[in-house]
Amino acid sequence: MVDAGDPIPPDTPLPAVDVSRVASADTGSPLPEGWEHGAFMQVFVRSYRDSDGDGIGDLRGLTERLDYLHDLGVRGLWLMPVGPSQDGDHGYAVTDYRAIEPDYGSLADFDALLREAHARGIGVIVDYVINHSAAEHPLFVNARAAADNPWRGWYLWQPSNPGGWNIYGGDPWRRNAAPGGGWYFAAFWDQMPDFDLRQPAVVDWHHDNLRFWLNRGVDGFRFDAVGHLVENGPQAWTDQPETLPLLRGARLTIDDYERRHLVCEGPNRPFDYTAACGSAFAFGLHTRILQAARGDPAGVFAVAEHFRGAPQGMATMLANHDSFAGDRVFNQLAGDLGRYRVAAATYLLGPGTPFIYYGEEIGMARGPIGGDPGLRTPMSWSADPRTGGFTSGTPYRVLSGNVTTFNVASQQADPESLLAFYKAMLALRNGIPALSAGRVEQVRSDNLVLAVVRRAGASRTLVVINYDTAVAGVEIDGLPARAPLLSRHPDGGADLTASGDGRVRVDLPAQSVRVFTVQ
Ligand code: NOJ
């Protein structure tokens with residue numbers, strides 16, 4: 001670890017820096033048009049599946065599980081950082097932007113994963129950390145070594161601490177006691193120095209890195225922490241106006257390639273980032289969905305408002321790998337599977353692109369450790385209390401708190417399981433074009449019932465969700481006169497017909513979902 005106070009012995013050779021240019025070389029996309037409207041699985045490779053018994057998840061392990069993901073109905077994977085990292089954990093302190101984390105395997109393993117995913121119609125997007133590198137990245141090791149080092153200007157420096165800054169409760173200016181001296185800016189951690197993205201050379205290099213992965217065939221990126229790209233002062237360090245052109249520039253580079261997807265993480269301004277990136281996570285919606293699932297009408301109302309006003313193409317979720325976005329869904333809902341199902345249906349059948357956090361589909365609980373690591377435990381493949389079926393060795397991290405009762409093996413055998421429910425929701429999404437890509441035509445909420453009508457071309461679909469623990473219903477109007485509504489879910493549900501003035505009333509059992517196609 002590079003201590004900001006570490007002097008560099010005078011005879012230490014500085015590491016070589018690779019900023020070679022990468023030309024665009026698109027070989028096309030093997031995926032069908034519109035693939036990005038299908039549901040994604042967010043995968044933390046370190047915790048997904050270990051293929052070689054060292055207790056750490058790897059790319060070959062993930063490749064072994066592609067049939068499971070395909071069978072579930074997933075159409076895309078978001079891989080959290082797969083490059084070598086300094087943190088040796090979630091991977092956001094990147095030490096090499098054009099290589100694979102040795103714990104995860106090799107570039108050849110990555111290419112094999114891409115090939116096998118594509119063969120199953122699954123796209124793969126990778127996390128890209130544009131805001132900062134690791135302190136151990138050769139660029140920063142050079143930059144901190146001398147005030148006149150040629151790479152110095154790739155990061156943000158001040159001769160002394162400017163004072164007055166506070167980001168997430170800490171001072172982002174860090175003292176460099178290496179011979180280069182000065183203070184560098186690092187918003188998240190002193191081991192994650194921020195790049196100076198006002199430097200064209202830095203931006204060009206990021207675009208070269210993007211092309212490196214695009215040329216290998218990746219289907220896009222999740223851009224990390226885009227709200228932090230540019231700072232204008234101690235009161236102006238987030239979501240600055242210069243950010244949007246930077247993102248639009250990256251999007252243009254990505255658009256040189258066929259059918260690539262970009263989803264940005266910018267919790268404060270998701271609509272703006274959707275406009276710049278093509279897609280961004282709908283932070284805020286996830287808490288409202290869970291509020292609705294708990295039976296609070298204010299949550300249902302807020303979800304309806306979001307679906308009415310959100311731009312097309314946002315990424316939706318219930319939770320992810322960061323505790324600022326909430327605990328594991330199982331813990332947030334105290335294991336109530338009735339609530340869990342209606343929460344899941346809301347985003348899996350809703351507008352936007354759903355991102356399922358690995359293990360959510362089986363109700364995986366957090367592990368018995370604090371903070372973010374508790375959200376990032378090994379996947380529960382089996383009930384084995386020692387390994388959870390994750391590894392033949394010793395898992396690198398404690399298992400999920402409910403591995404013996406909530407795991408893939410037991411749920412695959414149970415048609416009433418949460419896994420079976422997720423599979424049914426994704427089959428609907430994949431089978432009805434208006435459910436995956438339809439524009440919102442109408443949203444109704446009535447106390448604890450939500451109804452959404454979406455349309456793609458001539459085909460319309462109606463989704464109705466009852467969050468109440470009692471029977472409830474809603475009236476919808478604006479449908480074509482006497483339109484038949486064919487029931488698509490649940491199995492055996494009765495068809496309905498709109499009245500002559502285009503109205504229909506839908507009543508549903510407690511905590512249930514109905515889906516119709518409107519003829
Ligand atoms: C947001 C990521 O989701 C989080 O996990 C990471 O630590 C920070 N960005 C910094 O990269």
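Along the sequence shown, residues are numbered consecutively beginning with 1. Just so you know, ligand 1 is whichever comes first in the structure, and atom 1 is the first atom listed for that ligand.
Given atom 7 (O) of ligand 1, the protein heavy atom at minimum distance is H90 NE2, 3.0 Å.
Taking the six-membered ring where the residue is Trp, the centroids of W189 and Y168 are separated by 6.0 Å or more.
Heavy-atom distances between R222 and ligand 1 reach below 4.0 Å in at least one pair. At least one heavy atom of H132 sits closer than 4.0 Å to an atom of ligand 1.
Comparing heavy-atom distances from atom 9 (N) of ligand 1 across D224, D322, N131 singles out D224 as nearest.
Shown are D103, D58, D87; of these, the salt bridge (charged side-chain N to carboxylate O under 4.0 Å, His left out) with R46 is made only by D103. Tested against Y128 for a ring pair (Phe, Tyr, Trp, His ring centres under 6.0 Å), the candidates Y92, F212, Y97, W78 yield a single pass: Y97.
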Donor-acceptor contacts under 3.5 Å from residues 267-277 side chains, at least two apart:
from, atom 1, to, atom 2, distance (Å)
N268, ND2, D239, OD2, 2.8
R269, NE, D272, OD2, 2.9
R269, NH2, D272, OD2, 2.6
Y273, OH, D239, OD1, 2.6
T274, OG1, P270, O, 2.8
T274, OG1, A280, N, 3.4

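Taking every heavy atom of both residues into account, I56 and D54 meet most closely at N-OD1, 2.9 Å.
Counting atoms of ligand 1 from 1 in the listed order, those under 4.0 Å from a heavy atom of E265 are 1 (C), 3 (O).
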